[in-house]
Each structure stands twice: as structure tokens, then as C-alpha cells.
Engineer: 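My questions will all concern the structure given below.
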Amino acid sequence: SSVEGINHWLQKAIEQGSPIASRIFNFRGNDTLSIFLIYPVFERTLPQRTPRQRREALKTAVLMEINVPLFFKSALGEGVPTDSLIAFNCYQKEEDGSKTKLFVSLNSKLLEGGFTPLLHQTSEFNFLDKKVFIDFATVPDFESPFQRYLPLMALGVSLLLSFILFEFI
């Protein structure tokens with residue numbers, strides 16, 4: 001059950017003596033993908049060198065539930081026009097090698113169907129004791145013909161303007 005899962009992560013936080021994040025799971029049923037941040041609070045005057053000492057010194061624990069899709073939607077927004085050429089997929093790798101999707105950009109569907117992006121990068125960062133991965137990729141219209149020739153057009157226009165301006169000086 002969900003409560004047993006949270007207790008497992010609480011015991012792990014006590015053993016380690018540091019805050020941890022639970023794995024991402026459906027806590028309230030199938031409609032809410034949650035992660036718990038668990039912070040054990042110990043009595044400072046008692047020793048805490050071993051897991052047993054930490055269990056004896058435990059005063060309380062602070063648990064914070066985060067609704068993962070809502071968290072990323074609030075942090076990253078619905079998307080703005082400037083980011084429409086880059087799609088991203090945020091996920092966590094499970095112990096069995098599978099990926100748990102945390103959030104995807106609105107334009108990520110453009111990458112389906114065997115498309116090979118011009119640029120692709122995966123970044124990894126730590127979220128307490130968990131690793132989170134973000135895949136960034138360019139969408140099919142990233143390098144349109146107009147964008148490909150834009151630097152040459154800018155050079156041509158600037159040369160033309162230089163000739164015109166220097167003719168009159």
C-alpha cells in the first residue's frame with residue numbers, strides 16, 4: 001500500500017540520516033503521480049553515528065508530497081513561443097531500467113514517428129538522492145530553409161547597406 005511505501009522511505013531516511021526523495025508513484029490512486037520529500041528530525045543531544053542511534057534519536061519527520069505533473073507545469077509553465085523549437089522529456093530511471101515520465105513539453109509529440117533530431121542532449125541532475133534526466137531535442141522545423149540562409153541574407157544586406165552608405169560619404 002501507499003502508507004507502507006512511505007514508511008519504507010522514512011526508514012531509509014532514518015538509516016541514512018539525511019533527507020531523501022521517495023520514488024515517484026501513484027499515491028492517491030491513478031490520477032496523482034506523487035513524490036515525497038522526507039526529512040528526519042533528530043534530537044541534537046543524542047549520538048547519531050549508526051542507524052540504531054539515529055532511530056533512537058528520531059524526534060519526528062517532515063514529509064512533503066509533491067504532485068509531480070503540477071509541480072513541473074508550475075515550474076516550467078505551459079510553454080512560451082520561444083521554446084517551441086526545442087522539445088524536452090523529463091524522467092526518472094527505475095531500478096529495473098524502465099523510465100517513469102515526470103513531464104514532457106507540449107511539442108514533444110513532434111518527435112514521434114522515427115524523426116531524428118538535428119541536435120539532442122540528455123542532462124542529468126540530482127534531486128535529493130534521486131537522479132532526474134531531461135532529454136532535449138530539436139523539432140522537425142528547427143532548421144527551416146529560411147533559417148539556414150538567414151546568416152547569408154544578413155551578410156548580403158549588410159554589404160549592400162555598406163556600399164550604399166559609403167557611396168554618399
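Computed from a predicted structure; not experimentally measured.
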Engineer: Could you give me the CA-CA distance, side-chain angles and deciding distance for Leu58 and Val41, then say whether side chain to side chain contact (heavy atoms under 4.5 Å, CB included) is met?
Structural biologist: CA-CA 6 Å; Leu58 182 71; Val41 179; 5.7 Å; no
Engineer: Is there side-chain contact between Thr122 and Tyr91, with at least one heavy-atom pair below 4.5 Å?
Structural biologist: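 Yes; the side chains approach each other to less than 4.5 Å.
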Engineer: Do Asn126 and Lys131 have side-chain heavy atoms sitting under 4.5 Å apart?
Structural biologist: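 Side chain of Asn126 against side chain of Lys131, heavy atoms only: contact under 4.5 Å found.
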Engineer: Is any side-chain heavy atom of Gln48 closer than 4.5 Å to one of Glu43?
Structural biologist: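 Heavy-atom side-chain distance check fails, nothing below 4.5 Å.
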Engineer: Using the rule that two of Ile, Leu, Val, Met, Phe, Trp, Tyr join whenever any of their side-chain heavy atoms come within less than 4.5 Å, decide whether Phe136 and Phe125 are in one cluster.
Structural biologist: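 Yes, same cluster.
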Engineer: Please answer: with hydrophobic residues joined when any side-chain heavy atoms are less than 4.5 Å apart, are Phe133 and Leu102 in the same cluster?
Structural biologist: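 Different clusters.
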Engineer: Shortest non-hydrogen contact from Ala137 to His120?
Structural biologist: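 Looking at all heavy atoms of both residues, the shortest contact is CB-CD2, 3.8 Å.
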Engineer: Taking the side chain as every heavy atom from C-beta outward, state whether Tyr39 and Leu128 have any atom pair closer than 4.5 Å.
Structural biologist: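 Answer yes - side chains close enough.
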Engineer: Contact between Leu46 and Glu56 at the side-chain level, heavy atoms closer than 4.5 Å - yes or no?
Structural biologist: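 Side chain of Leu46 against side chain of Glu56, heavy atoms only: no contact under 4.5 Å found.
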Engineer: Can you find a heavy atom in the side chain of Ile134 that is under 4.5 Å from one in the side chain of Phe103?
Structural biologist: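 No, their side chains stay 4.5 Å or more apart.
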Engineer: Taking all heavy atoms of Pro40 and all of Ala13, pick out the closest pair and write down the distance.
Structural biologist: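 Looks like CG-O, 3.7 Å.
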Engineer: What distance do Ser34 atom OG and Arg23 atom CZ have between them, rounded to the nearest 0.5 Å?
Structural biologist: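 Going from OG on Ser34 over to CZ on Arg23, the span is 11.0 Å.
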Engineer: So Trp9 and Ile35, side chain to side chain contact (heavy atoms under 4.5 Å, CB included) or not? Walk me through it.
Structural biologist: CA-CA 11 Å; Trp9 292 105; Ile35 187 170; over 6 Å; no
Engineer: Answer with yes or no whether the hydrophobic clustering places Leu33 together with Val132; edges join I, L, V, M, F, W, Y residues whose side-chain heavy atoms lie under 4.5 Å apart.
Structural biologist: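 In one cluster with Leu33: Val132, yes.
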Engineer: Which heavy-atom pair separates Ser105 from Ala87 by the least distance, and what is that distance?
Structural biologist: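 Shortest heavy-atom contact: OG-CA, 3.4 Å.
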Engineer: Mind checking the CZ-CD1 spacing from Phe36 to Ile6? Nearest 0.5 Å is all I need.
Structural biologist: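 Result: 3.5 Å between the selected atoms.
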Engineer: Rounded to the nearest 0.5 Å, how far apart are CG of Asp135 and CZ of Phe88?
Structural biologist: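 Here the interatomic distance stands at 11.5 Å.
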Engineer: Mind listing the closest non-hydrogen atom pair of Ile20 and Lys12 along with its distance?
Structural biologist: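 Looking at all heavy atoms of both residues, the shortest contact is CD1-CB, 3.9 Å.
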Engineer: Could you give the distance from CD (Glu65) to CD1 (Ile38), rounded to the nearest 0.5 Å?
Structural biologist: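 It is 11.0 Å, given to the nearest 0.5 Å.
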Engineer: For the residue pair Thr138 and Ile86, establish whether any side-chain heavy-atom pair is separated by less than 4.5 Å.
Structural biologist: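 Thr138 reaches Ile86 side chain to side chain.
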Engineer: Can you tell me how far the CZ atom of Arg55 sits from the CD1 atom of Ile14, to the nearest 0.5 Å?
Structural biologist: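 Those atoms lie 8.0 Å apart.
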Engineer: Output the distance between atom CD1 (Ile24) and atom OG1 (Thr100), rounded to the nearest 0.5 Å.
Structural biologist: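 Going from the CD1 atom of Ile24 to the OG1 atom of Thr100 covers 6.0 Å.
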Engineer: Check whether any side-chain heavy atom of Leu37 sits under 4.5 Å from a side-chain heavy atom of Pro19, and report yes or no.
Structural biologist: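 SC-SC contact between Leu37 and Pro19 ruled out.
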